[in-house]
Number of protein chains: 2
Amino acid sequence: MTAQRRVVAEVLDGEHVHLTADEVHARAVAKLPEISRATVYNTLGELVSLGEVLEVTTDKRAKRYDPNAHRPHHHLVCAGCGAIRDVHPTGNPLADLPDSERFGFTVSDVEVTYRGLCPNCSAT
Amino acid sequence: MTAQRRVVAEVLDGEHVHLTADEVHARAVAKLPEISRATVYNTLGELVSLGEVLEVTTDKRAKRYDPNAHRPHHHLVCAGCGAIRDVHPTGNPLADLPDSERFGFTVSDVEVTYRGLCPNCSAT
DNA sequence: ATCCTACATTGGACTTAGTCCAAGTCAATG
DNA sequence: CATTGACTTGGACTAAGTCCAATGTAGGAT
């Protein structure tokens with residue numbers, strides 16, 4: 001556990017937000033100015049492998065990192081401003097995929113992304 | 001309707017696949033050698049606005065274009081090789097998001113991505 | 001048929017997000 | 001103290017996509 005890794009972990013801790021890798025880097029630099037982008041990418045990659053952090057790719061742009069990895073949830077994304085909220089739908093989408101629709105795949109995970117407009121953006 | 005647009009439409013027609021923009025460009029060039037990447041991007045963008053083609057972003061890599069825009073469906077992605085299948089789960093995930101979980105958003109769409117291993121990749 | 005104009009196309013420069021790698025740093029161990 | 005191995009750095013590189021000024025062209029007006 002090096003200073004760099006601690007800083008990256010700290011950035012993701014607490015804040016219940018969805019940061020891009022660059023945002024993580026920017027905040028990490030604020031605490032430890034000489035940290036490099038490569039290290040942030042490495043550390044984020046490790047946190048993802050460890051299951052401590054989730055990668056979320058809601059749009060074509062940058063991946064986002066979600067520290068809320070321990071309670072399963074899905075995402076609601078604003079098509080206008082890109083805001084992201086965690087949501088907890090009822091039901092189990094995995095159960096909604098019949099065997100006949102699995103094509104022999106071993107299905108291990110499902111990701112649900114709701115899209116719409118946030119109150120701000122819909123008040124055009 | 002120019003020659004270039006016709007070619008892009010032809011490439012997406014028929015084939016029930018999920019091509020990246022570059023793959024579309026490569027196939028378009030085979031039919032009309034002087035077509036430029038920018039035109040392919042423009043045309044794909046228009047087809048998406050017209051609702052003729054869907055953009056699918058299953059991973060961090062390139063967007064894919066899905067000509068099967070008229071029958072709603074979701075996707076099953078192989079974590080190993082990236083293969084994509086269209087699937088039709090039962091149930092309606094939109095109904096599974098209670099008002100209390102909508103945060104005032106106007107929710108208009110939902111995208112479900114199943115992940116797993118295809119028969120080939122799971123036979124390590 | 002010819003001209004005109006608005007739109008489409010081109011190609012290249014540019015941007016963003018991310019990966020890769022060789023070299024440097026550091027701490028612990030023997 | 002020297003060795004080892006893991007971690008970090010910075011910069012070069014790549015992939016995917018966007019932007020823009022210059023050029024070409026489709027199709028209506030005359």
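Side-chain atoms are counted along with the backbone in the values below, which use heavy atoms only and exclude waters and symmetry mates. Since the model is a prediction, treat every value here as computed from it, not as a measurement. Just so we're on the same page: letters track the sequence lines, and every chain starts at 1.
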Rounded to whole Å, the OH-P distance (B:Y41 to D:dG17) equals 4 Å
Between A:E55 and A:R64, is there a side-chain N and carboxylate O pair less than 4.0 Å apart?
no
Over all strands shown, is B:T2 touching base, sugar-phosphate only, or nothing at heavy-atom distances under 4.0 angstrom?
sugar-phosphate
Does B:S36 place a side-chain N or O at less than 4.0 Å from the phosphate oxygens OP1/OP2 of C:dT10?
yes
Atom-to-atom span, CG of B:L44 to P of D:dT18 - whole angstrom:
10 Å
Electrostatic pair B:R5-B:E46, nearest N-O below 4.0 angstrom:
yes
Atom CZ of A:R61 and atom C1' of D:dG17: how far apart are they, to the nearest Å?
9 Å
Look at the side chain of A:T39 and decide which nucleotide, out of D:dT8, C:dT10, C:dG18, has an atom nearest to it.
D:dT8
Please classify the nucleic acid contact of A:A38 as base, sugar-phosphate, or nothing, using heavy-atom distances under 4.0 Å.
base
To the nearest Å, give me how far apart CD (B:E34) and C1' (C:dG11) are.
13 Å
If we check side chain to side chain contact (heavy atoms under 4.5 Å, CB included) with A:K63, which of these qualifies: A:L44, A:L19, A:T57?
A:T57
Take the protein atom CZ of B:R6 and the nucleotide atom P of C:dT9, then report the distance between them rounded to whole Å.
11 Å
Given that B:K63 and B:N42 both sit by DNA chain D, which one's nearest nucleotide is further toward the 5' end?
B:K63
How many whole angstroms separate atom CD of B:E23 from atom P of D:dA15?
14 Å
Phosphate oxygens OP1/OP2 of D:dT25: is one of them under 4.0 Å from a side-chain N or O of B:Q4?
no
Distance criterion of 3.5 Å, no angle test: do you see the side chain of B:R37 paired donor-to-acceptor with the base of C:dG11?
no
Indicate whether any N or O donor in one side chain lies under 3.5 Å from an N or O acceptor in the other, for A:H18 and A:D86.
yes
Output the rounded distance in Å from CG (B:L32) to C1' (D:dT25).
14 Å
Taking CD from B:E46 and P from C:dT9, how many angstroms apart are they, rounded to a whole number?
7 Å
Specify the closest pair of heavy atoms between B:D66 and B:N68, including all atoms of both residues, with the distance to one decimal.
OD1-N, 2.9 Å
